[in-house]
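Input: a single structure, listed below in structure tokens.
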Amino acid sequence: MIKPLRVALLSTYFENTGDDLIREGVQYLVREILGREPRWLHVSKANRLSLLFHRSRLTHAPVSRMNEGARKAAGYAWKIAQAMRLDRIDKLRNADVIVIAGTPLFYFVGENSFGGIERAYGADWPGEILTRLERYPRLRCVALGVGSIYEGAPDDILARFPEAAGLMRRLIERAALVTTRDSNTDQLLRAAAPEYGERIVRTICPSFWAQERLGIRSSAPENKVAVSFSIESANWDLSLPKERVIAGRRNALEAVIRYLRAHGYAISMLAHNQFDADAIRELPAAWGIQPPEISNARRLATTIA
């Protein structure tokens, strides 16, 4: 009997359907490469408790999005684990491979970078993970479909955020392969570790393979359009006041809806997560269409198919 390969999968959980689709696509690619389904060990980049416990909202959901009570409970649970030295018996210790699913790993907002933002909420991506990867040198590491959020030239970003630049370089040094899902991320990582350029490969977003992973087949074409509207990502755009960014997006959405209705299309509204659904819940009703529903990756991919 062949022993199943133990694959630690680093991703985000209970956050949004986009990240879920990326994770499903990564799992499909890994399974196809291996030729069989591995044993998955799910680790959240946004919650330290996931290193020790099975998948649940308390242990895998982003600490930054929890209410105050849940955040305190997660912090208290981690302190207990440390006191009992359970944090030294983590999932990575017994894994054969760690696969990092390419949600936006490296992001910069104003004068803050991903390391400082995560640390403020007790998640510490990627310092916590990198420290453990360096503790287990036999653990093979690949990152698939890595994404980023930043504005400006890569060299300027690296100069402004030396700590973040060091973290990116450490990950590239540790990984055997890093695939990027957009040209900006590709340029950023190559600037962070130019001598490791041969292990950085430009690909497409792994979410393209989610439909295969979920076993969903496209149906016959219909006169129907799925429209997704994002409000949460306005938090990343600091070029204008947030209110102006949101107003501009709403105006664009209304223009799209007017066009589709004028040309006889049925419309299915989709939301990335709860933030987006709440932001426009009243608008579809005014247009006589159903408001968006928060769906899981399977339902979202089925609707699009």
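Note that the structure is predicted; figures quoted are calculated from it, not measured. Values reported hereafter were calculated over all heavy atoms of this structure, with side chains retained and with hydrogens, waters and symmetry mates removed.
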What are the two closest non-hydrogen atoms of [X] and [Y], and how far apart are they?
X	Y	value
Asp186	Thr180	OD1-OG1, 2.9 Å
Asp20	Ala297	CB-CB, 3.8 Å
Ala8	Ala95	CB-CB, 4.0 Å
Gly145	Thr179	N-OG1, 2.6 Å
Met168	Ala192	CB-CB, 4.2 Å
Leu214	Arg298	O-NH1, 2.8 Å

[X] atom [atom1], over 12 foreign heavy atoms within 6.0 Å:
X	atom1	answer
Arg202	CZ	yes
Glu68	CD	no
Arg88	CZ	no
Arg135	CZ	yes

Would you say the side-chain atoms of [X] pair up with the backbone N or O of [Y], donor to acceptor, closer than 3.5 Å?
X	Y	answer
Arg23	Ala101	no
Lys91	Val43	no
Arg6	Arg39	no

[X] with [Y]: basic N within carboxylate O range, under 4.0 Å:
X	Y	answer
Arg65	Glu15	yes
Asp90	Arg93	no
Arg160	Asp156	no
Arg213	Glu37	yes
Glu254	Arg250	no
Glu134	Arg170	yes

Among the clusters formed by ILVMFWY side chains lying less than 4.5 Å apart, do [X] and [Y] turn up in the same one?
X	Y	result
Leu177	Ile200	no
Leu158	Tyr150	yes
Phe208	Leu9	no
Ile117	Leu130	yes
Leu144	Leu34	yes

Rounded to the nearest 0.5 Å, what separates atom [atom1] in [X] from atom [atom2] in [Y]?
X	Y	atom1	atom2	result
Arg31	Trp40	CZ	CH2	9.0 Å
Ser113	Leu167	OG	CG	7.5 Å
Arg199	Leu189	CZ	CG	12.5 Å
Asn223	Leu260	CG	CG	9.5 Å
Lys45	Ile129	NZ	CD1	10.5 Å
Leu92	Leu10	CG	CG	8.0 Å

Are [X] and [Y] close enough that some pair of their side-chain heavy atoms sits under 4.5 Å apart?
X	Y	value
Tyr13	Asn47	no
Ile157	Pro154	no
Trp78	Leu52	yes
Leu270	Val227	no
Ile22	Arg181	yes
Arg261	Ile267	yes
Leu105	Trp125	yes
Arg140	Val7	no

| So, Phe14 versus His60, ring centres under 6.0 angstrom or not? |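 No, ring centres 6.0 Å or more apart.
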Scan side-chain atoms only and decide if [X] and [Y] contain a donor-acceptor pair under the 3.5 Å cut-off.
X	Y	answer
Asp19	Thr103	no
Ser148	Thr185	yes
Tyr136	Asn94	no
Glu118	Tyr107	yes
Gln211	Thr302	no

| task | Determine, step by step, whether Lys224 and Tyr265 satisfy the side-chain contact (heavy atoms from CB on, under 4.5 Å) criterion, reporting the C-alpha distance in whole Å, the side-chain angles of both residues, the deciding distance to 0.1 Å, and the verdict. | result | CA-CA 5 Å; Lys224 189 173 186 178; Tyr265 289 97; over 6 Å; no
| message | Applying side-chain contact (heavy atoms from CB on, under 4.5 Å) to Phe106 and Val146, what does each step give before you reach the verdict? | response | CA-CA 9 Å; Phe106 309 117; Val146 174; 3.8 Å; yes
| request: Would you sort out whether His54 and Thr59 count as a side-chain contact (heavy atoms from CB on, under 4.5 Å), showing the intermediate values? | output: CA-CA 7 Å; His54 292 302; Thr59 60; over 6 Å; no
| query | Hey, mind stepping through Gln27 and Glu32 against side-chain contact (heavy atoms from CB on, under 4.5 Å) and telling me if it holds? | reply | CA-CA 9 Å; Gln27 288 185 268; Glu32 290 299 296; over 6 Å; no
| query | Parallel, tilted or perpendicular: which fits the ring planes of Phe108 and Phe114, with parallel below 30° and perpendicular above 60°? | reply |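 Geometry flag for Phe114 against Phe108: perpendicular rings.
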